Amino acid sequence: MDYRIKANRRNWNERTPVHAASEFYDVEGFRNGRITLSDIERAEVGSVEDKTLLHLQCHFGMDTMSWGRLGAQATGVDISDAAIGLARALNDELQLNTRFICSNLYDLPDVLDEEFDIVYTAIGVLCWLPDLSEWANIIARFLKPNGVFYILDDHPFFHVFESEANQAGTQELRVRYPYFKTAEGEFYEGGHHSYAGSDIIETGCYEWRHSVGEILNAILGAGLRIQFFHEFACSGYKAFSCMEKDKDGWWRLTAHNDSVPQLFSLKATK
Ligand SMILES: C[S@@+](CC[C@H](N)C(=O)[O-])C[C@H]1O[C@@H](n2cnc3c(N)ncnc32)[C@H](O)[C@@H]1O
């Protein structure tokens, strides 16, 4: 396995218990029946009743089990053994019937030999993948003919910014990071908070940037037909201190008139 993917597995193993204890993930609410999927995903994926669904990069599985609560026969896949261990424990405790597989996404064709009605992946996923062409081929491999692929993820353009206070003390967005991919990826030192939870994560991790063109061309190159590509001026977490949480639960750049795309979704068929 690539040393960068191994490093990321260590990082996600360390993050898992921190996330599980966080308000952000609200595991107790999930235990009490909460559906963790967002309004956007539920509306855009549509009914999953009696459908088979493969969830790539499922973390500790609350979204996967939520699709199960909505009627899908769901399977979640993640590289982190800590995350998959917790997902299985929650599934058993709550007597749900979701299946979990611990695997590097790129190795999945070696450990799973099935086709699904829906392949789904969401929020914070593409940045962990060095090769989107191979990713898209794997999605196509696991879809039945006429099967549907759906992704909701951070918009690549949103990652070019940093926020800084101007002389009046107002936070402004500045272009700081490259938009286009760097082949090696970027190494981020440990010693920081995760996006959820207050504990410090000691292990570092590697992330890759992918432009909108790269995402679209990977999906088209795998032979899938794109139904839509949507962009949203909201995010699931407070990426910058100038963001405000709206009544609907999404974080927005209200001081910037919602002028920056923060999420995208894409639906495609085989
Ligand atoms: C931010 S989470 C996404 C899940 C979901 N949105 C959530 O917040 O629970 C990213 C997940 O990708 C997984 N991951 C990273 N690289 C992977 C790889 N090469 N193969 C499979 N999973 C991977 C991590 O272990 C982590 O659980």
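It should be emphasised that the depicted structure is a prediction, and the values quoted were computed from it without experimental measurement. Computed over heavy atoms, backbone and side chain alike; hydrogens, waters and symmetry mates excluded. Read the numbers this way: they start at 1 and go in the same order the structure lists the ligands and their atoms.
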Need the ligand 1 atom indices (1-based, order shown) with element for anything under 4.0 Å from a heavy-atom of S80. 25 (O)
Ligand 1 and H59, any nitrogen or oxygen pair closer than 3.5 angstrom? yes
Does a side-chain N-to-carboxylate-O contact under 4.0 Å join K270 and D117? no
Polar contact flag, side-chain donor to acceptor under 3.5 angstrom, E186-Y177: no
For A122, the atoms of ligand 1 under 4.0 Å from one of its heavy atoms are 3 (C), 4 (C), 5 (C), 6 (N)
Quick one: closest heavy-atom pair of G33 and R69, and the distance? C-NH1, 3.3 Å
N/O to N/O below 3.5 Å, does that happen between Q57 and ligand 1? yes
For ligand 1, is there an atom lying under 4.0 Å from some heavy atom of D78? yes
Measuring from non-hydrogen atoms of A83 to any atom of ligand 1, is the shortest distance under 4.0 Å? no
Counting non-hydrogen protein atoms only, what is the nearest one to atom 19 (N) of ligand 1? Give residue, atom name and distance. N104 OD1, 2.9 Å
In the protein, what heavy atom is nearest to atom 20 (N) of ligand 1, and what distance, to one decimal place, separates them? L105 N, 2.8 Å
Counting non-hydrogen protein atoms only, what is the nearest one to atom 2 (S) of ligand 1? Give residue, atom name and distance. W12 CH2, 3.7 Å
Return yes or no for this condition: an N or O of G124 is under 3.5 Å from an N or O of ligand 1. no
I need the minimum non-hydrogen distance between C242 and L253, along with the two atoms involved. SG-CD2, 3.8 Å
In this structure, atom 3 (C) of ligand 1 is nearest to the protein heavy atom I123 O, 3.4 Å
Can you label the angle between the F157 ring and the F161 ring as parallel, tilted or perpendicular, going by 30° and 60°? perpendicular
Option from W208, Y206, W12 for which ring pair (Phe, Tyr, Trp, His ring centres under 6.0 Å) with W128 holds: W12
Indicate, with yes or no, if the rings of W135 and F149 have centres closer together than 6.0 Å. yes
For the CG atom of N91 and the CZ atom of R99, what is their distance to the nearest 0.5 Å? 12.0 Å
re atom 15 (C) of ligand 1, the protein heavy-atom contact at minimum distance is W128 CB, 3.6 Å
How far is atom 17 (C) of ligand 1 from its nearest protein heavy atom, and which residue and atom is that? I79 CG2, 3.6 Å
For ligand 1, which atoms sit closer than 4.0 Å to a heavy atom of Y25? 7 (C), 8 (O), 9 (O)
Please indicate whether K144 has more than 12 foreign heavy atoms, meaning atoms of other residues, nucleotides or ligands, lying under 6.0 Å from its NZ. yes
One thing to verify: whether E244 and R252 come together as a salt bridge, which I'm taking to mean a side-chain N less than 4.0 angstrom from a carboxylate O. no
Mark up the atoms of ligand 1 that fall under 4.0 Å of a heavy atom belonging to S103, in ascending order. 20 (N), 21 (C)
Looking only at distances, can you tell me whether any N or O atom of C58, backbone or side chain, sits closer than 3.5 Å to an N or O atom of ligand 1? no
